[in-house]
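The chains referred to below are lettered A, B, ... by the order of the sequence lines, with proteins before strands, and numbering in each begins at 1.
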Protein chains: 2
Amino acid sequence: MMQGRTEIDEKVTLRVLIADDHEMVLDMFAMYLTRAAGMEVTTAKSLDEAVDIIVAEGPFDVVLLDLNMPGMNGVIGLKRAIKQNGGNPVAIITGTPTPRMLDEIMNAGSSGIVLKTTAARSLANAIRFMHSGEQYMPLELMRGSAQAASRNVRNGNLSDKEMTVLSYLAEGKQNKEIANELQLAEPTVKMHVTAICRKLGAQNRTQAVIMARDLGLV
Amino acid sequence: MMQGRTEIDEKVTLRVLIADDHEMVLDMFAMYLTRAAGMEVTTAKSLDEAVDIIVAEGPFDVVLLDLNMPGMNGVIGLKRAIKQNGGNPVAIITGTPTPRMLDEIMNAGSSGIVLKTTAARSLANAIRFMHSGEQYMPLELMRGSAQAASRNVRNGNLSDKEMTVLSYLAEGKQNKEIANELQLAEPTVKMHVTAICRKLGAQNRTQAVIMARDLGLV
DNA sequence: ATGTAAACCATACCATGGTATGTATACCCC
DNA sequence: GGGGTATACATACCATGGTATGGTTTACAT
């Protein structure tokens with residue numbers, strides 16, 4: 001899981017499949033990669049469509065999937081695509097991944113994560129990098145999964161456990177339910193909820209959920 | 001507020017400013033509009049940067065702002081930009097606007113809303129359309145803002161009062177606060193909250209808010 | 001005119017949520 | 001070894017949320 005300078009053959013015409021439910025994003029990806037990077041780009045608007053295309057046309061050199069598109073269901077759809085693509089790299093493209101998502105994505109066998117906040121020219125490099133068998137992840141995120149550093153910027157200093165509890169909060173679950181599912185005592189859950197509200201500046205769990213969603217934490 | 005075929009002069013080289021915190025989106029917008037549409041594109045990554053650029057370089061023919069970018073604060077940032085752009089069109093570009101946002105955006109004097117789910121080639125047309133002084137809004141959204149008719153379909157048959165209460169719920173307010181602001185007794189608010197939860201299939205207010213947001217009710 | 005539905009209020013009860021204190025363990029870093 | 005932080009649990013108290021029941025008014029349609 002490294003990012004760095006590698007000698008990559010730029011002459012190969014890579015066959016790339018991109019799936020995203022934002023047609024505009026799709027069009028622009030395709031356009032950029034085709035014109036500026038000389039790749040052969042195929043697009044899809046849902047996971048099902050993407051899988052169908054892979055089955056019909058054979059594995060692509062690199063497949064990029066939007067995490068929030070129809071049919072993805074989190075990493076479940078990712079695994080489906082990986083299984084279909086015959087060992088070739090499948091990566092996730094997303095705007096604001098949470099630490100929890102990062103873990104799940106990489107553990108699911110993805111070849112990497114590309115942020116939509118990344119400069120466009122980096123995309124082509126990332127694709128070639130992944131095609132060479134490496135796993136790609138932006139440096140910002142490496143700090144994040146190594147815990148404290150970058151997370152401080154985005155999530156108001158929520159600890160791992162607090163993020164976990166927050167994810168249950170964001171499903172509208174009760175303290176008791178959360179305690180059961182996480183094998184904790186209810187007072188402990190309350191403590192975490194209180195800490196979450198304090199750190200997010202929320203007056204109650206509902207506001208915490210609202211803010212977490214607005215901040216893209218969940 | 002119409003969308004339709006209009007004779008638009010395509011020979012003019014429009015000066016367009018696009019602001020979005022997703023650098024990749026920015027790059028691709030710029031690339032598409034420059035290469036495929038022959039526009040002169042300037043980009044910014046926050047509202048402050050966008051405003052600075054407008055001040056420094058004078059009003060643009062069309063300004064596109066991402067609704068969720070730093071500094072926007074909903075329509076507040078939009079109004080700032082409109083004020084600076086000397087009467088020229090300022091539009092919002094977003095992925096998934098809620099009906100409430102639509103109203104606010106259009107009432108704030110925006111020249112239109114462009115969905116990120118729109119095909120890329122439509123973007124250039126929308127920009128020229130707005131530049132000609134029209135307000136642009138995708139047809140899908142016009143249906144949604146036509147109030148009652150479609151709302152009944154989408155909102156699980158919430159009554160007017162319930163929708164009002166829901167909008168306060170969605171801000172994380174307490175029953176007592178809602179009662180005060182709406183000049184109601186607290187039991188009445190509780191009754192409405194209960195009805196909202198029942199109609200939405202939520203187990204508590206937090207789930208109701210989550211569902212309302214996912215359904216685009218608020 | 002009668003029925004139906006929405007909105008409103010009241011009282012009461014119990015469940016849930018949130019706060020406060022105190023205690024404890026483990027880990028990391030200096 | 002001491003200081004900081006994250007985690008965990010207990011007990012207790014009070015605020016808030018949610019449910020139930022019952023009642024009034026208005027409006028609207030059959």
Check: Among the nucleotides C:dC9, C:dA7, D:dA10, which one has an atom lying closest to any side-chain atom of A:Ala185?
Finding: D:dA10

Check: When the C1' atoms of the five terminal pairs at each end define the local axes, what inter-axis angle does the helix from C:dA1-D:dT30 to C:dC30-D:dG1 show, to 10 degrees?
Finding: 40°

Check: Is the shortest side-chain N/O distance from B:His192 to OP1 or OP2 of C:dA6 below 4.0 Å?
Finding: no

Residues 62-80 of chain B side chain polar contacts: donor-acceptor under 3.5 Å, at least two apart:
{"unit_1": "B:Asp66", "atom_1": "OD1", "unit_2": "B:Asn68", "atom_2": "N", "d": "2.7"}
{"unit_1": "B:Asp66", "atom_1": "OD1", "unit_2": "B:Met69", "atom_2": "N", "d": "3.2"}
{"unit_1": "B:Asp66", "atom_1": "OD2", "unit_2": "B:Lys116", "atom_2": "NZ", "d": "2.8"}
{"unit_1": "B:Arg80", "atom_1": "NH1", "unit_2": "B:Asp48", "atom_2": "OD1", "d": "3.1"}
{"unit_1": "B:Arg80", "atom_1": "NH2", "unit_2": "B:Asp48", "atom_2": "OD1", "d": "3.4"}

Checklist line | Nearest-angstrom distance from the residue atom CZ of A:Arg205 to P of C:dG17 | finding: 5 Å

Next item on the list: Take A:Met24 and B:Val114 through the side-chain contact (heavy atoms from CB on, under 4.5 Å) test and state the conclusion after the steps.
Entry: CA-CA 10 Å; A:Met24 181 177 287; B:Val114 179; 4.1 Å; yes

Notebook entry, point to check: In B/S/- notation, 5' to 3', how is nucleotides 22-27 of chain D contacted by protein heavy atoms closer than 4.0 Å?
Noted result: ------

Next item on the list: Give the nucleotide from the list C:dA7, D:dT7, C:dC9 with an atom nearest to the side chain of B:Thr188.
Entry: C:dC9

Margin query: To the closest 0.5 Å, what do you measure between CE (A:Met28) and CG (B:Leu26)?
Written below: 10.5 Å

Notebook entry, point to check: Is there a side-chain contact between B:Arg213 and A:Ile210, using heavy atoms and a 4.5 Å cut-off?
Noted result: yes

Note to self: Between C1' on D:dG17 and NZ on B:Lys190, what's the gap in Å once rounded to a whole number?
What the structure shows: 6 Å

Next item on the list: Identify the two heavy atoms, one from B:Leu47 and one from B:Ala81, that lie closest to each other, and give their separation to 0.1 Å.
Entry: CD1-CB, 4.3 Å

Notebook entry, point to check: From the list D:dT19, D:dT7, C:dG18, which nucleotide is the closest neighbour of the side chain of B:Thr194?
Noted result: D:dT19

Donor-acceptor pairs under 3.5 Å, side chain of residues 200-209 of chain B to any protein atom, not counting sequence neighbours: which ones?
{"unit_1": "B:Asn204", "atom_1": "OD1", "unit_2": "B:Thr206", "atom_2": "N", "d": "3.1"}
{"unit_1": "B:Asn204", "atom_1": "OD1", "unit_2": "B:Gln207", "atom_2": "N", "d": "2.9"}
{"unit_1": "B:Asn204", "atom_1": "ND2", "unit_2": "A:Gly172", "atom_2": "O", "d": "3.0"}
{"unit_1": "B:Arg205", "atom_1": "NH1", "unit_2": "B:Asn175", "atom_2": "OD1", "d": "3.1"}
{"unit_1": "B:Arg205", "atom_1": "NH2", "unit_2": "B:Lys173", "atom_2": "O", "d": "3.0"}
{"unit_1": "B:Arg205", "atom_1": "NH2", "unit_2": "B:Asn175", "atom_2": "OD1", "d": "3.1"}
{"unit_1": "B:Thr206", "atom_1": "OG1", "unit_2": "A:Thr206", "atom_2": "OG1", "d": "2.8"}
{"unit_1": "B:Gln207", "atom_1": "OE1", "unit_2": "B:Gln203", "atom_2": "N", "d": "3.0"}
{"unit_1": "B:Gln207", "atom_1": "NE2", "unit_2": "A:Glu171", "atom_2": "O", "d": "3.4"}
{"unit_1": "B:Gln207", "atom_1": "NE2", "unit_2": "A:Gly172", "atom_2": "O", "d": "3.3"}

Checklist line | Interatomic distance where CD belongs to A:Gln203 and P belongs to D:dA15 [whole Å] | finding: 16 Å

Margin query: Let me confirm one number: the CD-CG distance from A:Glu162 to A:Leu169, rounded to the nearest 0.5 Å.
Written below: 11.0 Å

Check: Rounded to the nearest Å, what distance is computed from the CG atom of residue B:Leu184 to the P atom of nucleotide C:dC8?
Finding: 5 Å

Check: Given D:dT5, is OP1 or OP2 found less than 4.0 Å from the side-chain N or O atoms of A:Ser159?
Finding: no

Check: Out of D:dA10, D:dA8, D:dA6, which has the shortest distance to the side chain of A:Lys161?
Finding: D:dA8

Next item on the list: Write down the distance between CD (B:Gln207) and P (C:dT16), rounded to a whole number of angstrom.
Entry: 13 Å

Margin query: With rounding to the nearest 0.5 angstrom, report the CD to CG distance, A:Gln174 to A:Asn180.
Written below: 10.5 Å

Item checked: Inter-residue atom distance B:Leu166.CG - B:Ile178.CD1, 0.5 Å rounding -> 9.5 Å

Check: Which atom pair, heavy atoms only, marks the closest approach of B:Ala185 to B:Ala179?
Finding: C-CB, 4.0 Å

Note to self: Distance check needed: C:dA6 P versus B:Ile196 CD1, whole Å only.
What the structure shows: 13 Å

Next item on the list: Identify the residue among A:Ile53, A:Asp52, A:Val51 that makes a side chain to side chain contact (heavy atoms under 4.5 Å, CB included) with A:Gln84.
Entry: A:Val51

Margin query: Could you tell me how far apart A:Glu186 (CD) and D:dT7 (C1') are, to the nearest whole angstrom?
Written below: 18 Å

Notebook entry, point to check: Over how many whole Å does the gap from A:Arg198 atom CZ to D:dT5 atom P extend?
Noted result: 11 Å

Item checked: Members of residues 173-180 of chain A that approach DNA chain C, where some heavy atom sits under 4.0 Å away -> A:Gln174, A:Asn175, A:Lys176

Item checked: Verdict with reasoning, A:Val16 to A:Met39, per side-chain contact (heavy atoms from CB on, under 4.5 Å) -> CA-CA 7 Å; A:Val16 179; A:Met39 297 179 182; 3.8 Å; yes

Notebook entry, point to check: Do side-chain atoms of A:Asp61 reach the backbone of A:Arg15 as a donor and acceptor pair under 3.5 angstrom?
Noted result: yes

Dump the pairs, protein N or O against N or O of nucleotides 25-30 of chain C, anything under 3.5 Å, distances to one decimal.
none

Next item on the list: Run the numbers on A:Val90 and A:Phe60 for side-chain contact (heavy atoms from CB on, under 4.5 Å), then give the verdict.
Entry: CA-CA 9 Å; A:Val90 177; A:Phe60 283 72; over 6 Å; no

